[in-house]
Amino acid sequence: NGTSSNQGIILSTSANNNNITNNSINTLGSGGSNFGVYLLTTVSGNLVGNNTIQTNGTSNNYGIILQSSANNNNITNNSISTNGSSSDNYGIYLFTTVSGNLVSNNTIQTNGTSSNQGIRLDTSANNNTVVNNSISTRGTGTTNNGIYLFTTVSGNLVSNNTIQTTGTSSNSGILLVSSANNITIVNNSISTRGTSLFNIGIYLSTTVSRNLVSENTIRTNGTSSNQGIRLELSANNNNVTDNDISTTGSSTDNHGIIL
């Protein structure tokens with residue numbers, strides 16, 4: 001407990017092949033950037049499993065973070081609750097050249113104002129597997145996402161996850177942005193709800209290509225302009241097939257698929 005930048009467990013600089021299991025971790029701060037488990041800088045072969053993790057603060061609080069060549073780790077069967085009084089609270093965060101990690105069977109709840117993410121893969125987070133997770137992403141504001149893949153990420157598998165997102169507007173179940181390419185998104189169950197408009201089940205935006213979106217079950221609800229699947233801004237050569245979509249709203253312009 002402290003103000004900011006508090007960490008429950010940190011593995012750093014070639015800390016390899018460790019088992020971090022069956023721990024109860026509470027990382028609390030009056031400020032931001034409080035982490036439950038932090039894997040940083042060339043760490044591999046670690047198991048982070050069966051832990052109960054709670055973080056709390058203002059913003060940028062993360063349950064588990066893998067950063068800077070944290071490769072081939074197994075993040076499984078953890079119960080994560082990430083809360084903040086402000087924005088950008090993430091359940092699991094893979095950031096900056098991380099690959100070959102398995103993120104599976106985790107139960108994640110995030111809460112804050114806006115821009116809260118259940119699982120986020122960012123900046124050359126490639127060839128990771130995100131499967132069988134249960135994600136609830138909540139916020140009192142906008143842009144709360146279940147799974148977010150952002151900025152030059154490729155070759156990841158996102159499959160068999162159950163995702164619920166709530167907030168006001170612009171909430172997405174799965175969001176791919178800025179050169180998120182060659183991603184496989186299959187067999188996910190997504191419920192995206194908001195008290196206002198522009199809530200989207202699966203959203204591909206800004207130079208994303210060669211992604212497969214298949215056999216997902218999507219339910220969206222809000223006021224207007226809610227969409228099951230949306231592709232825009234140079235979203236090219238993607239394959240969208242065999243999805244089950246129901247899009248409802250209390251007002252107009254709600255669509256199943258929009259390009």
| Trace of the side-chain contact (heavy atoms from CB on, under 4.5 Å) decision for I75 with L66 | CA-CA 10 Å; I75 312 299; L66 285 70; 4.1 Å; yes
N/O donor-acceptor pair under 3.5 Å between [X] side chain and [Y] backbone:
X    : Y    : value
N145 : S172 : yes
T42  : S14  : no
N50  : T21  : no
T168 : G141 : yes
S251 : S224 : no
S69  : T41  : no
D242 : S214 : no
N34  : T27  : no
T165 : T137 : no
N16  : S44  : yes

Is any side-chain heavy atom of [X] less than 4.5 Å from a side-chain heavy atom of [Y]?
X    : Y    : value
N101 : N74  : no
T143 : N171 : no
R193 : T248 : no
Y93  : Q117 : no
I190 : T217 : no
T151 : V177 : no
N216 : I202 : yes
I218 : I229 : yes

So which atom in [X] and which in [Y] form the shortest heavy-atom distance, rounded to 0.1 Å?
X    : Y    : answer
S87  : S59  : O-CB, 2.9 Å
N61  : N83  : ND2-O, 3.6 Å
N71  : T97  : OD1-O, 3.7 Å
N181 : T207 : OD1-O, 3.7 Å
A180 : L149 : CB-O, 3.9 Å
N238 : A235 : ND2-C, 3.4 Å

Hey, could you give me the [atom1]/[atom2] distance between [X] and [Y], rounded to the nearest 0.5 Å?
X    : Y    : atom1 : atom2 : value
S205 : L233 : OG    : CG    : 4.5 Å
I10  : N6   : CD1   : CG    : 12.0 Å
S225 : F198 : OG    : CZ    : 7.5 Å
Y203 : L231 : OH    : CG    : 10.0 Å
N89  : T55  : CG    : OG1   : 6.5 Å
N46  : N73  : CG    : CG    : 5.0 Å

| field | Stepwise side chain to side chain donor-acceptor pair (under 3.5 Å) test for N51 and N78 | value | CA-CA 5 Å; N51 301 288; N78 299 285; 3.0 Å; yes
Is it true that [X] and [Y] fall in one hydrophobic cluster, defined by side-chain heavy atoms closer than 4.5 Å?
X    : Y    : answer
I108 : I65  : no
L204 : I119 : yes
Y148 : V208 : no
F35  : F95  : yes
I163 : I80  : yes

[Y] and [X] side chains, donor-acceptor separation under 3.5 Å:
X    : Y    : answer
N161 : S159 : no
S136 : R138 : yes
R210 : N237 : no
N132 : N160 : no

| When you look at L176 and I183, which way does the side-chain contact (heavy atoms from CB on, under 4.5 Å) test go after all the steps? | CA-CA 9 Å; L176 281 66; I183 310 297; 3.8 Å; yes
| task | Kindly determine whether V131 and L102 satisfy side-chain contact (heavy atoms from CB on, under 4.5 Å), including the steps that lead there. | result | CA-CA 8 Å; V131 296; L102 173 63; 4.1 Å; yes
| So does R120 pair up with D88, basic N to acidic O under 4.0 Å? | no
| task | Go through the steps to decide whether V103 and N133 satisfy the test side-chain contact (heavy atoms from CB on, under 4.5 Å), and finish with yes or no. | result | CA-CA 8 Å; V103 179; N133 300 284; 4.1 Å; yes
